[in-house]
Every structure is written in structure tokens, then in C-alpha cells.
Amino acid sequence: MKAFTYERAATPQAAASAAARPGARMIAGGTNLLDLMKLQVETPVHLVDINRLGLDAIEPTADGGLRIGAMVRNADLAADPRVRRNYAVLSRALLAGASGQLRNKATTGGNLLQRTRCVYFYDIARPCNKRQPGSGCSALQGYNRMHAVIGASDQCIATHPSDMAVAMRVLDATVETVMPSGAHRVIPIADFHRLPGDTPQLETDLQPGEMITGVTLPPPVPGRQVYRKVRDRASYAFALVSVAAIVDAGGGRIRSARLAFGGLAHKPWRVEAAEARLADTVLDEAAVDAAADGVLAGARGRGHNDFKLPLLRRTLQATIDEAARAA
């Protein structure tokens, strides 16, 4: 591990100002950053500890939603009675991620910012445009079973690893931040993560030093909430395909549906036009298949990950069936 300096920030703005310096990084739970430092994928020269900033509350909002502080631990968020009752898809997504020990440390803000688990990104001996822009993408012609089939580019085909972020996307969450100047921003979750394009090293819309202070969930919408994750083993594994769904159904018909997907793209994937294909339709395989067509528009496998295309269809069907049965 490379040598680095350390400070404990006193306020969110002070943390943002310190993190804006070249080579500085914020650290909270450290469940991703410390691994990257040990492998020398990331070599920060200065760490800014944000654990004591008081951003660990879960509070109701005036309109009936919920505000989650950036430092709320994943385990606490999943267990909160309000989350379990009104945002069950979020609780289920959190419990599907990592292990109990990691959920006790990992934070809401850090979960949104975790970096891809692409094996070539983690291997500093192999070219990776995300780690070293312009060096190439080893996954394009390499082992790409876990990689993206939608929204990728010739510069990067990595996927975003977060389960929580997929649930946040289907819930239309907003991300609150503070800048080094003290100014605040509110970013819709749909705009928070970026697709790789020609700049795969830029993963979010955050500016240098900008710090997440919280995430706000709007009031809950009608429908049964389901999170289904397909992975190689029952726990402690990243999604091959995951679906977060809110389905309002009854009497053999789907009134409305919200759908977000993990394991497919560089960011949580949602296609509102595909959701529209399910609205006010008879609950049958043809309707779900039409929605899957919309989700997979422009999708492309890279060899080892071709199976994700039919797997998405089957997983979506199983998710819709589960939600409808429960309704």
C-alpha cells in the first residue's frame, strides 16, 4: 500500500473542500476503496474521513417521502420499519448485496459510488480505459461473462455493481450533494451515473470534491415491490441480471409497472417506454415479452455474456409473476 495522509473532516463543506485537492479521496465505510488501495488500482495521497459528520439519520419528508443520510449504513437502512413497509424493493435489494458484515459498514453514499467489479479494472497489469484512459479495454476480447449488454461503448463494457442503486432508480430517488464552495445540488438518480461513451473514467455527474449528503425517496406509489437477483451463488455475488419492479396489478391485468435493471449496463437501467408497454394490459407472457423487447433495444452480447439477453426475459417474467401473485 502506498503512503497517504489522513484527516477527519468537521463539516460537509470542509470535507468537500479537502476532497477537491488533487489525489484526495473521501473514506466512509471503506468497503470498496480499501480493496482498491490494497491492489493499487487507486493510490490516493490523502484520505478525508467523513464518518463523524452526523449524516446518519433516516427522516420523513413533508410530502410523505423519506430522506436518508449519506452515512446511513446499509444494514440499518434495510432494517428500518419505514423502508420495509413503504420501500420494500429497497430493503430487499440491500439484503441481496454483499454480506452481513459488509452491510454493517457500507454506507448509502458509498454504495452509489462503488466502482465496477470488472476483473480487468482490478488487474493493474492489464489495459483498462477506466483505470488508465487510452490504454484499451481488455474485456472486449477477453472474458466478459459479467459485462454489459446495453449502453456500453468500445471504450468500456463494465457494469455497475450496486443492488441498492437499481432500487433507487425504480423509486425515482434524488441525490443531494454539497460542493466545496458550500453550494448544494439535487441530482435525479436517473442523471447521477454516466454511461461510458469516450470517457469511462467519469462514472458519475459529481464535480471534483462534490460530496453526497443524502438521498431522498418520493412518497411511495401503488403496487407490489419486488427485487429479484440472478447470480452465480446464493450470497456474496454480484448480479448477472437483477430486476427491481413496482407492479400495480389485479384481476389478471397490469395497471402500471416500474422496472429497473442491474447487471446489464454501466448504470442502473430503466426504460420508461418499456414500462408503458405493460400499462393497462392483460397479464400474459406476450405483454412481458413486449416490455423485454423495449428494455433490450440495441442490446449486444460480447460472446461470454450473450446468455444475458434470454436471461433478462426469463427474469423479468418471473418478477412480474411474483408481483402479480402477491397482489
Side-chain angles (χ1 to χ4, degrees), residues 1-55 68-71 106-118 121-122 124 128-135 153 155-156 158 160-162 164-165 168 173-216 266-268:
M1 184 179 289
K2 303 289 186 180
F4 58 88
T5 55
Y6 169 91
E7 72 173 282
R8 183 174 290 156
T11 67
Q13 183 182 353
S17 297
R21 290 154 42 188
R25 288 294 307 272
M26 296 179 193
I27 186 166
T31 57
N32 188 199
L33 179 60
L34 292 179
D35 284 342
L36 295 173
M37 290 173 66
K38 290 173 184 177
L39 294 170
Q40 297 187 23
V41 174
E42 294 208 24
T43 55
V45 298
H46 185 65
L47 292 184
V48 183
D49 187 336
I50 59 175
N51 278 290
R52 299 191 182 184
L53 296 181
L55 302 173
I68 304 159
M71 295 305 303
T107 63
T108 299
N111 192 301
L112 290 175
L113 294 172
Q114 65 181 301
R115 308 199 69 185
T116 182
R117 263 46 179 203
C118 171
F121 172 71
Y122 270 70
I124 61 173
C128 172
N129 286 321
K130 184 180 290 293
R131 193 181 62 248
Q132 185 178 353
S135 62
S153 73
Q155 300 298 311
C156 181
H160 194 272
S162 173
M164 185 196 79
M168 294 285 194
T174 54
V175 181
E176 302 169 9
T177 70
V178 63
M179 310 281 279
S181 65
H184 294 266
R185 273 210 302 167
V186 176
I187 308 170
I189 191 70
D191 301 327
F192 183 78
H193 296 102
R194 298 168 56 115
L195 293 178
D198 294 329
T199 55
Q201 74 276 14
L202 302 178
E203 299 172 336
T204 71
D205 190 50
L206 295 181
Q207 303 299 310
E210 189 173 6
M211 174 186 166
I212 298 174
T213 55
V215 176
T216 296
H266 204 258
K267 61 186 289 185

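If you're wondering where the values come from, they're calculated on a predicted model, not measured in any experiment.
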Taking every heavy atom of Pro133 against every heavy atom of Gln201, the minimum-distance pair comes out as CG-CD, 3.7 Å
Indicate the atoms forming the closest heavy-atom contact of Ala15 with Ile50, along with that distance. CB-CG2, 3.8 Å
Apply side chain to side chain contact (heavy atoms under 4.5 Å, CB included) to residues Ile27 and Leu34 and explain how you reach the verdict. CA-CA 9 Å; Ile27 186 166; Leu34 292 179; 3.9 Å; yes
Without swapping roles, check the side chain of Arg131 against the backbone of Phe121 for a donor-acceptor pair under 3.5 Å. yes
Close side-chain approach of Val186 to Thr174, heavy-atom, < 4.5 Å: yes
Is any side-chain heavy atom of Leu113 closer than 4.5 Å to a side-chain heavy atom of Asn32? no
Ser17 (side chain) donor-acceptor with Pro180 (main chain) under 3.5 angstrom: yes
Leu36/Tyr122 under side chain to side chain contact (heavy atoms under 4.5 Å, CB included): CA gap, chis, key distance, verdict: CA-CA 7 Å; Leu36 295 173; Tyr122 270 70; 3.6 Å; yes
Do the side-chain N and O atoms of His46 and Glu7 include a donor-acceptor pair separated by under 3.5 angstrom? yes
Quick one: are Ile124 and Val41 in side-chain contact, heavy atoms under 4.5 Å? yes
Measuring only between side-chain heavy atoms, which start at C-beta, is Met211 closer than 4.5 Å to Val48? no
Residue pair Glu210 / Ile187, side-chain heavy-atom distance below 4.5 Å: yes
Looking at Asp191, is its backbone amide N or carbonyl O close enough to the side chain of Asp205 to form a donor-acceptor pair, meaning the two atoms are under 3.5 Å apart? no
Between Lys2 and Gln40, does the side chain to side chain contact (heavy atoms under 4.5 Å, CB included) criterion hold? Intermediate values first, please. CA-CA 8 Å; Lys2 303 289 186 180; Gln40 297 187 23; 3.4 Å; yes
Checking the side chain of Ser153 only, and the main-chain atoms of Gly197 only, is there a donor and an acceptor separated by less than 3.5 Å? yes
In this structure, are over 12 heavy atoms from other groups packed under 6.0 Å from Asp198 atom CG? no
Within the 4.5 Å heavy-atom criterion, are Leu112 and Val215 side-chain neighbours or not? yes
Under the side chain to side chain donor-acceptor pair (under 3.5 Å) test against Glu203, which residue among Gln114, Lys267, Arg115, His266 passes? Arg115
For side chain to side chain contact (heavy atoms under 4.5 Å, CB included), just list the numbers for Met168 and Asn111, CA-CA rounded to whole Å, side-chain angles, deciding distance to a tenth of an Å, and then say yes or no. CA-CA 11 Å; Met168 294 285 194; Asn111 192 301; over 6 Å; no
For Thr213 and Pro12, work out which heavy atoms get closest and say how close. CG2-CB, 4.4 Å
